[in-house]
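Below: one structure, written as structure tokens.
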Amino acid sequence: MKTIENFDFKGKKALIRVDFNVPLNEQFEITDTTRIDAAIPTIRKVLKDGGAVILMSHLGRPKEGPEEKFSLQHLTGYLSEQLGVIVQFADDCIGNQAREKASALKAGEVLLLENLRFYKEESVGDESFAKKLASLGDIYVNDAFGTAHRAHASIAVIAKFFPDNKMFGYIMGNELTNIDKILKNAPRPFTAIIGGAKVSGKIEIINNLLDKVDNLLIGGGMMFTFIKAIGGETGSSLVEKELLEVAKNILDKAKEMEVDLYIPEDTVIAKNFSNDAERKVCDVFNIPDGWMGLDIGEDTAKAYADIIMDSKTILWNGPMGVFEFSHFEAGTKAVAEAIGEATQKGAFSLIGGGDSVAAINKYKLKDRISYISTGGGAMLEYIEGKELPGVKAIGY
Ligand code: AMP
């Protein structure tokens, strides 16, 4: 894998595609700096070598042209503090100002370009836009795993202008190395826990995992589509009717492939979708009319925790219930804690997807997990076996 690790950036200008898509509040303050923090080691490496850094990123989904609330200018203060240098800013990612500032940049200096998505050319993968960006630096570094599954100009197209000078940053390198640990020769037993709201976004990952895992634990809103598919009464729980057949096929395929696929036995049901709704525990196949399942029950949580504790490789994507509501978070919390404990006992655990990562942070278990992926969609696509445009462009 071609990474920045063994490259000397002395005297070079590194054009780094980062994922600085951070949330901003009404005052344009950054409310979660995780994505910026993650990219700091890559930036520092270039500066330490005696190189200069040009950073490019998207922020949010601007519709047409520049918008104050999506300006990367709001990030310069925090970034300067973290790096210990005043980060310069070009208020257009291409054009004269960007060119002049990039060309005047000296070793040890950092220039941040304005939001790439202020140009629709970014998202459509426009080649001449990519070429203009490419002209700003000597070396292209991709460290934006969160967008590696997008065929955008700064991700997939730009690399061709650096045939011999393109490489992965530390985030990309770490992501690929760690996800490969579960895709290639994972120590057994290998358990995948898949939850979240809907089956629709998870079909391909489940299908691709069936020939890799020993145990597949299903939870979250998506469990009710499986339960309905095998004749259960699901009340007003979330069910994707058009996917009943697909769910049935997954169950059949799991049996054929001798994967132990687990569906919850009990569920915490509620009268409506609210934390304070009337609630009770019931058998997952007999949810009364007018009630909806919002979490896995205690027996299921315990059974899942036992399986997790006996595993050597663990992949978790998607909460077991509506963990944002304190009355329906117990299942997600139990699973998260079991993963933390299994990891302390020596298992390798990989967690990805915005909501599972949020859960791990909520329960303060971050330090008990082997690797937390920064890219939900990109991680899922990589595990699904798809070639990511950002990975292909560099070559791996
Ligand atoms: P996803 O983005 O598909 O991983 O879904 C995550 C979301 O699923 C979280 O916001 C959870 O609140 C939600 N979720 C989990 N379990 C349920 C459930 N039983 N019913 C409705 N939503 C759920």
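As the structure lists them, so they are numbered: ligands from 1, and atoms in each ligand from 1.
Taking the centre of each ring, Phe348 and Tyr371 stay at or above the 6.0 Å mark. For an aromatic pair to be called close, the ring centres must be under 6.0 Å apart, and Phe9 with Phe7 satisfies this.
Ion pairing of Lys10 with Asp49 is absent here, as no side-chain N (NZ or NE/NH1/NH2) approaches a carboxylate O to less than 4.0 Å. With respect to Glu26 and Lys69, no salt bridge is recorded, no charged nitrogen being found less than 4.0 Å from a carboxylate O.
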Quick check for students: name every N or O atom pair between ligand 1 and the protein closer than 3.5 Å, with distances.
unit_1, atom_1, unit_2, atom_2, d
ligand 1, 2 (O), Asp355, OD2, 3.4
ligand 1, 3 (O), Ala197, N, 3.2
ligand 1, 4 (O), Lys202, NZ, 3.2
ligand 1, 5 (O), Ala197, N, 2.9
ligand 1, 8 (O), Ala197, N, 3.1
ligand 1, 10 (O), Glu324, OE2, 2.5
ligand 1, 12 (O), Glu324, OE1, 2.6
ligand 1, 12 (O), Glu324, OE2, 3.3
ligand 1, 16 (N), Gly221, N, 3.1
ligand 1, 19 (N), Gly293, O, 3.0

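Heavy atoms only, all atoms of each residue included: Ala277 and Lys271 are closest at CB-N, 4.1 Å.
Residues Tyr78 and Asp37 have side chains that bring a donor and an acceptor to within less than 3.5 angstrom of each other.
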